[in-house]
Each structure stands twice: as structure tokens, then as C-alpha cells.
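Here's the structure we're looking at; comments come further down.
Order of listing sets the numbers, starting from 1, for every ligand and every atom in it. Side chains included, hydrogens not; waters and symmetry mates left out as well; all remaining heavy atoms used.
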Amino acid sequence: MKKRLFSGTAPTGVLTIGNYLGALRNWAVRQEEYDSLFSIVDMHALTVPRDGRELRQRSRDFLCLYLACGLDPEKSTLFLQSGNPAHGELAWILSCHTAMGELSRMTQYKAKAQKSGANAGLFTYPVLMAADILLYGTHLVPVGDDQKQHLELARRLAVRFNKKYGELFTLPEPLIPEKTGRIMNLKDPSSKMDKSHPERETFIALTDTPGEITRKISRAKTDSRGTFDLNDRESGIGNLVRIYSALTGLGEGTVVWEYEHRGYGPFKRDLAEILCESLRPIRERYGEIRGDESYLTELLKRGEEKARRKSEPVLTRVKEAVGLGI
Ligand code: AMP
Ligand code: TRP
């Protein structure tokens, strides 16, 4: 039997090159080797109030981008989190085994609560995420660097549960890319590239046109000294070189060697072209499938059924263990 893999994103904002290099690209590679589930975690999106109709559309936008990035519905399970009620059920059970302090020290919660005013869903978000993962007996969770802390909670809950009730959960391992686990904001290289940032200049979206990509890269922050110091977080050049290197497979040293005497101008022009070419097939495929609503509905229905089936054994055992049901 193949090992299990689970990952997902909340359908908010627009998927970026950060999401791609930090997570999605890895998903596509691993689906050959693992029995993979890729979810559009729409229940997570409710932690910030939003329009229902828009959320439903956005979930489909994300599904199409999953497909365009190479996720294969014949090999993997692609589904909406809300399509499998087991996520909510397990989340409740896990939340009754989670200490308040474990949640209040979450970095993402602290940052978001400050910005938007917290609701209880934002607070318990990591428990729902732990449920997403543990529900399927997941071995591997490919994510970006910012999810490390959430993964640790999922692991802690698995251990805690197993100690108390016997071996119910598999201990999930994070898979975080070493170089591209944290792609930075183009305008402010000290913060992470964020798919929900109100300013589009701060990120490259997977559906950006070549014109948009070229403009954004030409305006991306570097410094006036023109050096290629990869560790200078202020200048953002390290971030751009990492993107270049990740998309071409060339080592960072080789990239620096190629451009340090020619300067930022040629470097940015080439990087923009590499981005345009790398994202072109994704943008084109997205355009081909996004209009086919009945195909997408069919796909989501199929995914939902598969996900429900795959989660049943764990949920049944957990409910039995904690004393729920007849
Ligand atoms: P989010 O954008 O928070 O929904 O994240 C979806 C997935 O992409 C998660 O696995 C994140 O860790 C990953 N991710 C998000 N932003 C970045 C980034 N700037 N660099 C690398 N990975 C990211
Ligand atoms: N919290 C993740 C993010 O913001 C999304 C997510 C929810 C997730 N459930 C998950 C990722 C389970 C991996 C596994 O990106």
C-alpha cells in the first residue's frame, strides 16, 4: 500500500509563485509516489468574513489552478474540505484535547488576530488543520515554512491521542523545501509573499500575464548598490535569485556569477522572461478548463466521495475510542 500524503490551501486571494515554489510544485511531483489528497480547504477561508458566492467561485478557481499545476484527478483525490463532514467532526474531538495555550501562542494567529480582530474560528484554525491531516492517516504533508508550527501541533495531538487511546493516528511528517519554503514579498523583502495582500505589486500570481510579470519584476525591490549579496534581506536580491534558481534548476552561485558583472537590469529582464515561460502553460491550461463548470462539478463530486471513503476508518475508530455513537 502507498503511503498517504495530504495538503491544501484556503481559497482566498490568488495563488502566487510563493505557493507554487513552496507547496504546489512539490505536490505534483509527489503524487506519483503517494496516495495523495489535495484539498481546497474552504472551511478555513471562513475565518475571515466573506461573500458566499465569491468563495464558491474562488474554490473553483483554485481547483483549476491545482489541475493546471499538474495535479491529476485520476491519481490523486482533489476535493473541497466542506465536502467531507468528517473534517469538522474530528476537529471538534481534537479541540477538546487541545490546551488554550497551545493555540494562543501560534504565530499566525497572533499576527492575524492583531490585523483583523479575532473570532473563535481563527483561534481554533490549527485544530481544524490537524483534523484535515490526521483524518486520513497521513504520512507526509508538503507545505511552506510558515506551516511548520501548525504541523507541530498536529504531531503533538497525534502523540497525545495515541498515548491515551492506543494507536489511532499516523504521525505526519512535514516536507518543507529548503530553498523555496519562504518566498518573500517583492516590495518588502522582510515579509513573506502573501496571496491575500491587497497590493498586487507585492506578488506574482500564477495567472498574471507576461506584461504584469515583467512590470512587477522590474519594480521589485533591490538596492542602489547593485550587489548580489544573497544574505542581504533588505535588498530582496536573494529572494529573486532563489526564484530564478528554483525555476531554472541552476545553482544560486551560478546565477550570481552570470549576472554580478552585468547588473540588475539584465538579471531582472531574464528573470521576468523565465517567469513568463514557466507560468505560461499554467495560465493557458487554467484558461482552457475554468469555463467548464459541469466538468468541475463532476470532478469535485468524485473527489468528495473518494475523500469520504478514505477518512471513514480513522473517524470510526476515533469515535469508538472516545465513546461517541451507539
Ligand atoms: P496560504 O497562502 O497560506 O494558503 O498557503 C498555501 C501553501 O503555500 C502553504 O503550504 C504555505 O506554506 C505555502 N506558502 C504560502 N506562502 C508562501 C511563500 N511566500 N513562500 C513559500 N510557501 C508559501
Ligand atoms: N493552513 C494552511 C495554510 O494556510 C492550509 C491548510 C489547511 C493545510 N489544512 C491543511 C495545509 C492541511 C496542509 C495540510 O496554508
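- At the shortest separation from atom 3 (C) of ligand 2 among protein heavy atoms lies Q147 NE2, 3.3 Å.
- For ligand 2, the polar-atom distance check against Y125 finds a nitrogen or oxygen pair separated by under 3.5 Å.
- No more than 12 heavy atoms of other residues, nucleotides or ligands shown are found within 6.0 angstrom of CD on E273.
- Under the 3.5 Å distance criterion, the side-chain polar atoms of E33 are left unmatched by any main-chain donor or acceptor of R30.
- Nearest non-hydrogen protein atom to atom 6 (C) of ligand 1 is T9 CG2, 3.1 Å.
- Considering both main-chain and side-chain atoms, D132 comes within under 3.5 Å of ligand 2 through a nitrogen or oxygen pair.
- Taking all heavy atoms of D146, L151, V143, I183 into account, the minimum distance to atom 18 (C) of ligand 1 is reached by I183.
- The backbone of T180, and not its side chain, has at least one atom closer than 4.0 Å to an atom of ligand 1 (non-hydrogen atoms only; backbone = N, CA, C, O).
- By the 6.0 Å contact criterion, CZ on R233 is open, its count of non-hydrogen atoms from other residues, nucleotides or ligands being 12 or less.
- Taking every non-hydrogen atom of V141 and a distance limit under 4.0 Å, the qualifying atoms of ligand 2 come out as 13 (C), 14 (C).
- When the shell of 6.0 Å around CZ of R56 is examined, it contains 12 or fewer heavy atoms from other residues, nucleotides or ligands.
- Listed by number with element, the atoms of ligand 2 under 4.0 angstrom from any heavy atom of V143 are 11 (C), 13 (C).
- The 12-atom threshold is exceeded at CD of Q57, counting heavy atoms of other residues, nucleotides or ligands nearer than 6.0 Å.
- Counting atoms of ligand 1 from 1 in the listed order, those under 4.0 Å from a heavy atom of G22 are 21 (C), 22 (N).
- Near H44, the atoms of ligand 2 lying under 4.0 angstrom from a non-hydrogen atom of the residue are 7 (C), 9 (N).
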*asked:* Walk me through whether Y109 and F123 qualify under ring-ring contact (aromatic ring centres under 6.0 Å, His included).
replied: CA-CA 6 Å; Y109 166 72; F123 187 65; 5.1 Å; yes

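- Taking any N or O of N19, backbone or side chain, at least one lies under 3.5 Å from an N or O belonging to ligand 1.
- The residues K187 and E199 are annotated as not salt-bridged, no charged nitrogen and carboxylate oxygen being separated by less than 4.0 angstrom.
- Taking every non-hydrogen atom of A23 and a distance limit under 4.0 Å, the qualifying atoms of ligand 1 come out as 7 (C), 8 (O), 10 (O).
- A centroid separation of 6.0 Å or more is found between the aromatic rings of F203 and H197.
- Checked against a 6.0 Å centroid threshold, the rings of W257 and F228 do not count as neighbours.
- Counting heavy atoms only, G18 comes closest to atom 17 (C) of ligand 1 of the residues G18, G8, G144.
- Nearest protein heavy-atom neighbour of atom 5 (C) of ligand 2: G8 O, 3.6 Å.
- If you check which protein heavy atom lies closest to atom 12 (C) of ligand 2, you get F6 CE2, 3.4 Å.
- Of all atoms in ligand 1, numbered sequentially from 1 with element shown, those under 4.0 Å from a heavy atom of Q147 are 12 (O).
- Closest to atom 4 (O) of ligand 1 by heavy atom, among K192, M193, K195, is K195.
- Between Y125 and H44, the gap from one ring centroid to the other is short of 6.0 Å.
- Atoms of ligand 2 found under 4.0 Å from any heavy atom of I133 (numbered from 1 in listed order, with element): 12 (C), 14 (C).
- Between F79 and F6, the ring planes are perpendicular. Angles over 60° get that label, and only those under 30° would be called parallel.
- With a heavy-atom cut-off of 4.0 Å, D146 does not touch ligand 2 at all.
- Here is the list of ligand 1 atoms found below 4.0 Å of a heavy atom in G181: 20 (N), 21 (C), 22 (N).
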